[in-house]
Amino acid sequence: MLSLPMPALWSYLLRRLLLVAVPSLLLALMAGLTAGLCLLVALITVLLALHLRNLWRLTYWLRQPKPETVPEARGPWGDAFVALFRLQRKAEHGAELLREALNRFQDAGAALPDGVVIMDSDDRIEWCNPLAEEHLGIELPRDRGQQLTYLLRQPHFVDWVTGESYERPLTLRNARNEGRTLMFRMVRYGSREKLVVSRDITLLDRAERVRRDFVANVSHELRTPITVISGFLETLEDSASGADGEALDEQSVKRAISLMRSQAARMQQLVEELLTLSRLESDAAPAPAEKFQVRALIELLGRETETLSAGRHRVMVRIEDDTTLLGSRSELHSAFGNLASNAVRYTPEGGEVELIWREVDGQGVFTVRDSGIGIAPEHIPRLTERFYRVDKSRSRETGGTGLGLAIVQHVLTRHQGRLEIESTPGRGSRFSAILPPERLKLSGRGDGEG
Ligand code: ADP
């Protein structure tokens, strides 16, 4: 606080008085009253001028007050200037603290995993964090003061903002970017200010859709066999009870039982593949590194393919390298078997199916080549999706579930491998399962065979 100690003030006044009065009195005694008075006026004028000068310096400084340019003076003016200097320093320190607090707040806002927009009572943007800039297409400082609904004009969003729906969050698909899903929440604070919080829920939304599609697909797949079986059971029941007139002859009963068995087998196949898929999906760890000979596995697959084909195709097996693999034999058996059985199922009678194993640039490559119906290019990227089929009826007729290639993909991913598909409609396909060098046991290490 600015305070000049009273004794200091009195002594200052006394000194000034003496400085003015003593010389004037002496001159009056020596040269007469007029001369003394003239000197008094002159000295008072000098004092006044000095005060006016300091007053002017103060006024000049106040136009641009900075601690480093505070004027210097002696006496009460000096004390006043020192006090001003301290006051200014304190104000600057306060402003610095405020700036730091604001920066910290903005850093925290930038680090938030959600977008945040602060709006005034007229829905005009006051501030937002970088994530909100990205979600809503805001660009600060250009858009400060802009209406939020001017930047994102989708009718749903505009209705939601203007409708002041504080409890109801809004989910917006394809908001600004194709394929992106955003969820918005609105919070009210202060007198009428609003906070809009945005969150990218694209992955969550996609997972939810996949789950819904999956449940719908499984139900759909199970419905047909269940309908067929319950239809036959009803007919058999009616015929046994004699409700519907004539009893079924032995031939028809045999046929009905055989059809029911094939439908039950279809359901069993579906359930088994679903369980395999769920087991593969729930195990996040890489596949175990059991050591086994590929030759034996491919030869076994060759025999299984022959059985499946039942003489309708020319089945060939070509093993170019005697590789020892480090992986899950049962999983790879199932994956390679799926590729081989697909080749048989999608190749008309008289066609060729070839199973090939070889090492290419240190990688292990299992290829199934067929001369079958082939696949149009637009389907190829989607084949490993669960239940994706090019021709649904052909897949079902041949006992397919639409899960085979999804299983293959999972098994290969668990072995850090990949699936490559080449196909020409009407001419045939090549499915190659590629295993990385670390899954191949280098020969000559002397570990023996597993
Ligand atoms: P599915 O049980 O229906 O065969 P998959 O997941 O094994 O299911 O295969 C998905 C789809 O890929 C099949 O429905 C079929 O349309 C196509 N497909 C797979 N392998 C072949 C092949 N070798 N030749 C032609 N189409 C194939």
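Both ligands and their constituent atoms are indexed starting at 1 by order of listing. For clarity, every value in this text was computed on a predicted model and none was experimentally measured.
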Ligand 1 atoms in contact with [X] (distance to a heavy atom under 4.0 Å):
X	result
Ser429	24 (N)
Gly400	2 (O)
Tyr388	10 (C), 11 (C)
Arg389	3 (O), 14 (O)

Quiz item: Going by an N to O cut-off under 4.0 Å, is there a salt bridge joining Arg303 and Glu306?
Solution: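 A salt bridge is absent here (no side-chain N lies under 4.0 Å from a carboxylate O).
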Self-check item: Gly404, any N or O under 3.5 Å of ligand 1 N or O
Solution: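 Such a contact does occur with ligand 1.
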May I ask you to identify, for [X], whether its side chain, its backbone, both or neither come under 4.0 Å of ligand 1 on a heavy-atom basis?
X	answer
Ile375	side chain
Thr398	neither
Arg394	neither

Does some non-hydrogen atom of [X] fall short of 4.0 Å from ligand 1?
X	result
Gly402	yes
Thr401	yes
Lys392	no

With a 3.5 Å distance limit and no angle check, can you tell me whether [X] reaches the backbone of [Y] through a side-chain donor-acceptor pair?
X	Y	value
Thr202	Thr181	yes
Ser395	Asp391	no
Ser282	Arg279	yes
Thr305	Leu301	yes
Gln263	Ile229	no

Quiz item: Between Thr401 and Gly404, which heavy-atom pair has the shortest distance, and what is it?
Solution: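 Taking Thr401 first and Gly404 second, the nearest heavy atoms are OG1-N, 4.3 Å.
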How far is [atom] from its nearest protein heavy atom, and which residue and atom name does that atom have?
atom	answer
atom 7 (O) of ligand 1	Asn342 ND2, 2.8 Å
atom 17 (C) of ligand 1	Leu383 CD2, 4.1 Å
atom 24 (N) of ligand 1	Tyr346 CB, 3.4 Å
atom 3 (O) of ligand 1	Ser395 OG, 2.5 Å

Quiz item: Going by distance alone, is a donor N or O of one side chain under 3.5 Å from an acceptor N or O of the other, for Thr323 and Glu359?
Solution: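 Distance-only check passes for Thr323 and Glu359.
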Exercise. Name the option, out of Val390, Leu405, Asp370, Val408, that contains the heavy atom nearest to atom 6 (O) of ligand 1.
Key: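 When every heavy atom of Val390, Leu405, Asp370, Val408 is considered, Leu405 comes closest to atom 6 (O) of ligand 1.
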Practice problem: Kindly indicate whether a cation-pi arrangement holds for Arg386 with Phe214, taking the cut-offs as under 6.0 Å to the six-membered ring centre and within 45° of the axis. | Solution: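 Positive - Arg386 is close enough to the ring of Phe214 and near enough to its axis.
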Per-pair distances, 0.1 Å, donor-acceptor, side chain in residues 362-382, under 3.5 Å, sequence neighbours excluded:
residue : atom : partner : partner atom : Å
Thr367  : OG1  : Ser432  : OG           : 3.0
Arg369  : NE   : Glu354  : OE1          : 3.0
Arg369  : NH2  : Glu352  : OE1          : 3.1
Arg369  : NH2  : Glu354  : OE1          : 3.1
Asp370  : OD1  : Gly372  : N            : 2.8
Asp370  : OD1  : Ser429  : N            : 3.1
Ser371  : OG   : Glu352  : N            : 2.7
His379  : ND1  : Tyr388  : OH           : 2.8
Arg382  : NE   : Glu385  : OE1          : 3.3
Arg382  : NE   : Glu385  : OE2          : 3.0
Arg382  : NH2  : Glu385  : OE1          : 2.8

